[in-house]
Amino acid sequence: MKQIKRGGIIKGIFLVFALFIFLSIPGGQVQAKSQKYYVEKFLKYYKQEKFTKARKNYNKLKKYASEKCVKKMPKKIKKAYKKILQRYQGYDDESSNYLYSYYYTDFTNNGKAELILMLGSPHYVPKTIMVYKYKKGKAVLMGSMESSHDTLHAYPGHKGIIVINCVNAMENVDVLYYSKGKFKYKSYGTREAPDGDWFLGHGMLRNYQD
């Protein structure tokens with residue numbers, strides 16, 4: 001009986017210790033790892049044209065990306081980005097400077113949130129994407145590019161964002177990143193995709209303009 005008791009006590013201590021280790025892992029880190037895994041699998045299978053497998057992994061992403069650097073953005077960075085946002089307040093929705101949407105994400109994979117603006121009338125395309133980073137107390141423009149029917153998705157653990165473009169039953173999946181002072185696209189494929197079959201609704205960057 002003493003041996004059984006001793007074994008039970010040891011087992012109980014082990015379970016308590018295991019539970020402590022599990023609870024001590026920050027939830028954001030666990031989530032970031034899983035989101036990174038599913039995003040990488042989605043891109044891998046999309047490029048291989050294994051769309052069923054791509055869909056399976058894509059659907060495991062949450063509707064909106066959740067990034068620690070965005071949730072815990074320092075006030076000084078928020079303040080710097082707010083000044084940029086204020087520049088585009090008050091424009092008519094017919095203007096090319098109309099603030100259609102804006103997003104925060106770790107675009108440079110440096111642990112800090114960057115600001116992404118999408119400017120242009122909701123009635124027309126194309127629009128303009130502008131990316132700002134925080135540097136020495138100010139929001140600094142990294143660059144801009146044209147956008148058309150794009151939805152922006154997080155690319156956790158990597159530089160850049162995933163851009164999915166759907167128009168006229170055609171779908172393009174690319175990674176937009178920044179290298180040597182320029183924005184570049186890396187294509188992961190194109191396919192015919194009728195309405196309702198597009199890769200939309202998961203892992204998206206939250207539009208703070210809504």
Side-chain angles (χ1 to χ4, degrees), residues 19 21-74 77-78 81 85 99-118 122 127 129-134 147 149-167 171-178 185-191 193-210:
L19 181 61
I21 293 297
F22 176 78
L23 292 175
S24 67
I25 299 173
Q29 291 181 11
V30 174
Q31 181 184 336
K33 183 178 180 182
S34 65
Q35 297 297 285
K36 179 176 181 289
Y37 172 84
Y38 291 126
V39 164
E40 288 173 347
K41 290 293 184 182
F42 157 64
L43 290 175
K44 173 186 174 182
Y45 290 127
Y46 195 99
K47 191 168 187 177
Q48 294 174 354
E49 298 185 357
K50 297 178 180 179
F51 299 119
T52 300
K53 288 186 175 180
R55 175 76 65 187
K56 182 179 178 181
N57 284 276
Y58 180 81
N59 286 350
K60 288 182 179 180
L61 296 169
K62 293 194 172 185
K63 181 176 181 179
Y64 293 111
S66 178
E67 299 176 74
K68 185 178 179 180
C69 67
V70 176
K71 285 183 176 181
K72 298 187 176 183
M73 197 189 314
I77 297 181
K78 284 183 179 180
Y81 290 154
L85 294 170
L99 184 58
Y100 180 74
S101 56
Y102 70 94
Y103 316 84
Y104 297 114
T105 189
D106 189 358
F107 188 87
T108 57
N109 196 32
N110 65 352
K112 295 179 181 179
E114 277 77 42
L115 170 65
I116 300 176
L117 306 182
M118 190 175 286
K127 294 179 176 58
I129 289 178
M130 304 177 74
V131 183
Y132 286 85
K133 65 179 180 180
Y134 180 80
S147 170
H149 300 287
D150 294 332
T151 58
L152 310 184
H153 297 65
Y155 194 18
H158 297 270
K159 291 183 178 181
I161 56 174
I162 297 170
V163 178
I164 300 181
N165 177 283
C166 305
V167 61
E171 177 183 80
N172 302 294
V173 174
D174 303 291
V175 167
L176 171 66
Y177 65 101
Y178 190 76
Y185 283 97
K186 180 178 180 181
S187 175
Y188 280 83
T190 301
R191 67 175 185 134
D195 287 352
D197 190 40
W198 296 338
F199 282 88
L200 296 174
H202 296 274
M204 299 182 298
L205 296 182
R206 184 180 294 277
N207 176 13
Y208 288 89
Q209 183 71 352
D210 289 345

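For the numbers below, each heavy atom of this structure counts, side chains included, while hydrogens, waters and symmetry mates do not.
- Between the side chain of Asn110 and the backbone N or O of Asp106 there is no donor-acceptor pair closer than 3.5 Å.
- Scanning all heavy atoms of the two residues, the minimum distance from Asn57 to Phe42 falls at CB-N, 4.0 Å.
- In plain terms, the two heavy atoms of Glu67 and Ala154 that are nearest each other are OE2-CB, 4.2 Å.
- In terms of modelled atom types and a separation under 3.5 Å, the side chain of His153 and the main chain of Gly203 share no donor-acceptor contact.
- Applying the ring pair (Phe, Tyr, Trp, His ring centres under 6.0 Å) rule to Tyr155 yields the partners His158; only residues at least two apart in sequence or on another chain are considered.
- At a threshold of 4.5 Å between non-hydrogen side-chain atoms, the residues Gln35 and Lys62 count as touching.
- Between Ile116 and Tyr104 there is no side-chain heavy-atom pair separated by less than 4.5 Å.
- In terms of the salt bridge (charged side-chain N to carboxylate O under 4.0 Å, His left out) criterion, residue partners of Arg55 (sequence neighbours excluded) are, by chain and number, Asp197.
- Residues passing the side-chain contact (heavy atoms from CB on, under 4.5 Å) test with Asp150, sequence neighbours excluded: Ser147, Leu152, Val163, Asn165.
- Side-chain N or O atoms of Glu114 include one that pairs as donor or acceptor with a backbone N or O of Thr108 at under 3.5 Å.
- Of all the heavy atoms in Tyr177 and Phe107, the pair that sits closest is CA-CZ, 4.1 Å.
- When every heavy atom of Gln209 is checked against every heavy atom of Tyr100, the shortest pair comes out as CG-O, 3.7 Å.
- Each of Thr151, Leu205, Val39 was scored for a side-chain contact (heavy atoms from CB on, under 4.5 Å) with Ile162, with one residue passing: Val39.
- Between Met73 and Ala113 the shortest heavy-atom distance is CE-CB, 4.0 Å.
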Practice item. Could you please spell out the steps behind the side chain to side chain donor-acceptor pair (under 3.5 Å) verdict for Tyr46 and Glu171? Key: CA-CA 11 Å; Tyr46 195 99; Glu171 177 183 80; 2.7 Å; yes
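- Ring planes of Phe199 and Phe51: tilted class, angle from 30 to 60°.
- With hydrogens and angles ignored, the 3.5 Å screen pairs no side-chain donor or acceptor of Asp174 with any backbone N or O of Leu176.
- The main-chain N or O of Tyr134 is found under 3.5 Å from a side-chain atom of Tyr81 such that the two form a donor-acceptor pair.
- The closest side-chain heavy-atom distance from Leu117 to Leu85 is below 4.5 Å.
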